[in-house]
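A short write-up of the structure that comes next.
Being a predicted model, the structure only gives us computed values, none of them experimental. One is the number of the first residue; the rest follow in order along the sequence. Below, each value reflects all heavy atoms present in this structure, side chains not excepted, and no hydrogens, waters or symmetry copies.
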Amino acid sequence: MAENPLLTRYAEALDLFTERVHAIRPDQWDDPTPCTEWTVRDLVNHLAVEQMWVPPLVREGASVGDQSDAMEGDLLGDDPVATWDVVATAARDAFREPGALDRMVDLSYGESPATHYCAQMTADAAVHAWDLARAIGADERIPKPLVDFSVREVAPYAADLEESGLFAAPVEPAAGADAQARLLALLGREP
């Protein structure tokens with residue numbers, strides 16, 4: 001049976017972020033990131049909490065409203081790397097279950113196909129892998145298939161992201177910028 005392309009990209013994004021998480025030195029958890037309000041720990045916590053949402057939403061049909069109190073604050077605990085590994089594996093497993101991508105999930109903005117949810121999670125993990133790499137001085141490259149996927153995912157609603165207050169305004173990419181630089185600029189980052 002052929003691998004689902006969406007699940008392949010999602011796995012690549014998780015693997016990329018995981019690689020960056022494992023590269024964080026103990027003295028870097030309080031360092032700033034390109035996400036101006038977040039430290040390295042805040043950024044990893046954000047992605048970890050996003051992954052924590054996947055099993056209850058995809059497997060159990062829970063709604064964001066049902067789970068919101070349990071998913072607030074710093075949930076990384078004393079071993080943030082181990083926490084990340086556990087939640088990333090659980091999220092990956094939930095999306096890979098037979099029929100998972102055929103379901104609807106109840107998100108903060110209403111019901112959405114699980115495929116759309118997985119696509120958003122993929123693009124978010126890919127771009128935040130760049131944020132984390134920039135913060136800790138790691139390799140900032142995002143694999144081209146993941147860049148191309150993320151551009152296709154984000155471009156239709158990029159203008160709305162700034163209005164949400166969670167993203168900076170898009171910036172003008174440099175002349176001749178590559179696809180990764182254009183993706184980052186679309187999301188308010190200056191590579």
Side-chain angles (χ1 to χ4, degrees), residues 1-24 41-133 142-157 160-161 164 166-167 183 187:
M1 184 170 114
E3 178 69 26
N4 179 301
L6 174 56
L7 293 177
T8 298
R9 294 291 90 79
Y10 178 66
E12 290 168 355
L14 285 183
D15 290 347
L16 185 65
F17 195 80
T18 298
E19 182 180 300
R20 302 308 185 260
V21 169
H22 282 262
I24 300 168
R41 186 176 178 99
D42 295 331
L43 176 61
V44 174
N45 185 68
H46 166 71
L47 261 288
V49 170
E50 282 193 342
Q51 304 317 309
M52 289 175 193
W53 282 103
V54 175
L57 293 177
V58 172
R59 281 188 182 138
E60 301 160 23
S63 72
V64 169
D66 295 340
Q67 301 289 315
S68 61
D69 290 343
M71 302 287 190
E72 290 185 6
D74 185 332
L75 302 180
L76 291 177
D78 293 335
D79 190 345
V81 175
T83 299
W84 168 257
D85 289 344
V86 167
V87 301
T89 297
R92 185 186 317 238
D93 291 348
F95 273 131
R96 293 177 86 72
E97 287 179 0
L101 293 179
D102 299 327
R103 298 179 187 137
M104 296 294 287
V105 292
D106 189 2
L107 303 175
S108 60
Y109 53 84
E111 276 203 343
S112 180
T115 53
H116 292 275
Y117 176 45
C118 187
Q120 291 169 1
M121 296 283 284
T122 301
D124 198 50
V127 172
H128 282 317
W130 179 87
D131 292 328
L132 185 53
I142 303 170
K144 185 168 179 4
L146 209 43
V147 168
D148 293 344
F149 174 90
S150 298
V151 167
R152 284 191 306 274
E153 170 58 27
V154 172
Y157 56 83
D160 298 331
L161 294 175
S164 74
L166 300 173
F167 291 84
L183 168 65
L187 296 172

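When each of Val44, Leu43, Val81 is checked for a side chain to side chain contact (heavy atoms under 4.5 Å, CB included) with Ile24, only Val44 meets the rule.
Here salt bridge (Lys or Arg N to Asp or Glu O under 4.0 Å) pairs that include residues 143-154, with residues two or more places apart or in two chains, are Lys144-Asp148. Among pairs with a residue in residues 96-133, those fulfilling ring pair (Phe, Tyr, Trp, His ring centres under 6.0 Å) read Trp38-His128, His46-His128, Phe95-Tyr117, at least two apart in sequence or across chains.
A 4.5 Å side-chain heavy-atom check between Phe17 and Gln51 finds every atom pair outside the cut-off. Side chains of Pro113 and Met104 form a contact here, defined as non-hydrogen atoms less than 4.5 Å apart. Taking the side chain as every heavy atom from C-beta outward, Val154 and Val127 never approach each other to under 4.5 Å. Asp15 places none of its side-chain heavy atoms less than 4.5 Å from the side chain of Glu19.
Across all their heavy atoms, Ala100 and Val58 have their closest contact at CB-CG1, 3.7 Å. Pairing each heavy atom of Glu12 with each of Pro145, the nearest pair is OE1-CB, 4.4 Å. Residue Tyr10 comes nearest to Arg92 through the heavy atom pair CE2-CA, 3.8 Å, listed as atom of the first residue, atom of the second, then distance. Thr122 approaches Leu146 most closely through the heavy-atom pair CG2-CD1, 3.9 Å. The minimum heavy-atom distance linking Gly77 with Arg41 is given by the pair O-NH2, 2.9 Å. For the residue pair Ile142 and Ala126, the shortest heavy atom distance occurs at CD1-O, 3.6 Å.
Listed for the Asp106 side chain is no donor-acceptor partner under 3.5 Å among the backbone atoms of Gly61.
Between the CG atom in Leu47 and the CG atom in Leu132 there is a gap of 8.5 Å [rounded to 0.5 Å]. One distance of note links CZ of Arg9 with OG of Ser150; it measures 9.5 Å at 0.5 Å rounding. Taking SG of Cys118 as the start and CG of Leu6 as the end, the distance is 4.0 Å to the nearest 0.5 Å. Rounding to the nearest 0.5 Å gives a distance of 8.5 Å between OG1 of Thr115 and CG of Asp102. Remark: Thr8 OG1 to Phe149 CZ distance equals 10.5 Å, nearest 0.5 Å.
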For residues 82-90, run the donor-acceptor check on the side chains, cut-off 3.5 Å, and write out each pair with its distance to 0.1 Å, sequence neighbours left out.
residue : atom : partner : partner atom : Å
Thr83   : OG1  : Leu76   : O            : 2.7
Thr83   : OG1  : Asp79   : O            : 3.2
Trp84   : NE1  : Thr18   : OG1          : 2.7
Asp85   : OD1  : His22   : NE2          : 2.8
Asp85   : OD2  : His22   : NE2          : 3.1
Thr89   : OG1  : Asp85   : O            : 2.9

Show your working on side chain to side chain contact (heavy atoms under 4.5 Å, CB included) between Leu16 and Arg20 and close with a plain yes or no. CA-CA 7 Å; Leu16 185 65; Arg20 302 308 185 260; 3.3 Å; yes
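Remark: Glu60 does not engage Arg103 in a salt bridge, criterion side-chain N to carboxylate O under 4.0 Å.
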